[in-house]
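For ligands, and for the atoms within them, numbers begin at 1 and follow the listed sequence.
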Amino acid sequence: MFRQQRIAISPSQISNHQIHLTREQYHYLIRVLRLTDGDEVIAIDGVGNWWLANLKGENANITQQLTVDTELPATIILLTALPKGNGFDDIVRICTELGVAKIVPILSDRTLLNPSPQKRERWQRIAQEAAEQSERAYIPTIYQPVDFATGLNLFPSTHQYICEGRGNYPHLLTKISPSNDLPHPTIIIATGPEGGWSDKELELAIASNFQPVSLGKRILRAISAPIAAVSMVTGYWESCGNY
Ligand code: SAH
């Protein structure tokens with residue numbers, strides 16, 4: 001746990017052990033937080049590095065690289081059908097806190113929403129803020145919405161699950177086995193919209209080597225299901241997985 005103010009930067013802002021602050025960062029640190037020259041901040045580049053730095057004018061001088069050990073030994077990718085309203089904001093925020101690596105919004109057969117292109121930027125900002133607050137070393141990537149067939153083939157993985165509340169499918173936790181896994185597996189989890197997956201989507205996912213799984217005997221809301229699924233996987237990995 002660090003007490004200094006954290007700011008997310010892009011790796012391209014660093015040169016010669018100096019971080020060149022953007023106008024917004026400068027404004028936020030100096031005008032809003034009233035920090036002054038010599039004050040320490042932590043800069044997070046979103047791709048694994050944390051830097052301790054001293055403010056100096058419009059720059060911050062890097063004094064030390066910090067060790068952050070908050071990432072999972074697995075890459076979790078969510079393919080989540082867009083829920084109604086602003087529900088996706090909560091999914092992005094909470095799943096980032098839990099350790100997700102990538103989230104792909106899915107336009108499914110029963111998705112009611114067609115989001116504006118600006119939504120992705122909003123979700124990416126939410127992911128950034130959540131990553132800062134939960135002391136992640138990586139900021140998850142939030143993709144532009146894609147149709148389900150495209151989403152199913154975006155990433156290579158041998159651990160692919162589609163969550164389905166109806167039918168007698170094995171529990172997700174019974175299907176994750178660290179002993180057979182590579183040191184850093186990629187786990188892909190698909191969760192559906194309020195109306196559930198269509199039969200066609202379930203068949204398509206199975207044909208694409210997604211294993212249908214249950215998250216328990218109760219039907220979860222479209223917003224709760226991805227959060228439950230990611231907590232189960234992270235809980236598993238951090239207790240009895242390869243840790
Ligand atoms: N209206 C649908 C429920 C949709 S819930 C119905 O009555 O069947 C939204 C999504 O959450 C589902 O598509 C599924 O991916 C996931 N989900 C909810 N509860 C689940 C459970 N118990 N097991 C597995 N997946 C679940």
K.L.:
Return the orientation label for the F155 and Y143 ring planes: parallel under 30°, perpendicular over 60°, tilted otherwise.
P.N.:
perpendicular
K.L.:
Give the atoms of ligand 1, by number and element, whose distance to some non-hydrogen atom of R218 is under 4.0 Å.
P.N.:
19 (N), 21 (C), 22 (N)
K.L.:
When you look for heavy atoms under 4.0 Å from ligand 1, do you find them on the side chain of K217, its backbone, both, or neither?
P.N.:
neither
K.L.:
Below 4.5 Å, heavy atoms only, C-beta onward: do K119 and N86 meet side chain to side chain?
P.N.:
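They are in contact (side-chain heavy atoms under 4.5 Å apart), so the answer is yes.
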K.L.:
Taking only heavy atoms of I219, which atoms of ligand 1 are found under 4.0 Å from at least one of them?
P.N.:
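The atoms of ligand 1 under 4.0 Å from a heavy atom of I219 are 3 (C), 19 (N).
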K.L.:
Any donor and acceptor pair, going by atom type alone, linking the side chain of E71 with main-chain N or O of Y138 inside 3.5 Å?
P.N.:
yes
K.L.:
In the protein, what heavy atom is nearest to atom 9 (C) of ligand 1, and what distance, to one decimal place, separates them?
P.N.:
P193 O, 3.2 Å
K.L.:
Would you call E194-R221 a salt bridge at under 4.0 Å N-O?
P.N.:
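Judged by the 4.0 Å cut-off on N to carboxylate O distance, E194 and R221 do not form a salt bridge.
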K.L.:
Where do R110 and G195 come nearest, in terms of heavy atoms and distance?
P.N.:
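The answer is NH1-O, 2.8 Å.
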K.L.:
Would you check whether G192 has a nitrogen or oxygen atom less than 3.5 angstrom from a nitrogen or oxygen atom of ligand 1?
P.N.:
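By distance alone, the answer is yes.
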K.L.:
Give me the nearest non-hydrogen protein atom to atom 5 (S) of ligand 1 as residue plus atom name, then the distance to 0.1 Å.
P.N.:
L220 O, 3.1 Å
K.L.:
Do Q25 side-chain atoms and E58 backbone N/O form a donor-acceptor pair below 3.5 Å?
P.N.:
no
K.L.:
How far apart are the closest heavy atoms of V68 and W50, and which atoms are they?
P.N.:
CG2-CG, 3.2 Å
K.L.:
So which heavy atom in the protein is nearest atom 23 (N) of ligand 1, and how far is it from that ligand atom?
P.N.:
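Nearest protein contact, heavy atoms only, for atom 23 (N) of ligand 1 is L215 N, 2.8 Å.
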K.L.:
For atom 21 (C) of ligand 1, what's the nearest protein heavy atom and its distance?
P.N.:
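Closest protein heavy atom to atom 21 (C) of ligand 1: G165 CA, 3.5 Å.
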K.L.:
Heavy-atom contacts under 4.0 Å between V213 and ligand 1: side chain, backbone, both, or neither?
P.N.:
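Backbone only; the side chain of V213 stays clear of ligand 1.
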K.L.:
If you have a sec, work out which protein heavy atom is nearest atom 15 (O) of ligand 1 and how many Å separate them, to one decimal?
P.N.:
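Result: C163 O, 2.6 Å.
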K.L.:
Quick one: does R166 get an N or O within less than 3.5 Å of an N or O on ligand 1?
P.N.:
yes
K.L.:
How close does the nearest protein non-hydrogen atom get to atom 17 (N) of ligand 1, and which residue and atom is it?
P.N.:
A225 CB, 3.8 Å
K.L.:
When you compare the side chain of W237 with that of I76, does any pair of heavy atoms fall below 4.5 Å?
P.N.:
no
K.L.:
For atom 1 (N) of ligand 1, what is the closest protein heavy atom, and at what distance to 0.1 Å?
P.N.:
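Here the closest protein heavy atom is E194 O, 2.8 Å.
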K.L.:
Looking only at non-hydrogen atoms, find the nearest pair between S157 and T186 and report the distance.
P.N.:
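Minimum heavy-atom contact is OG-O, 2.5 Å.
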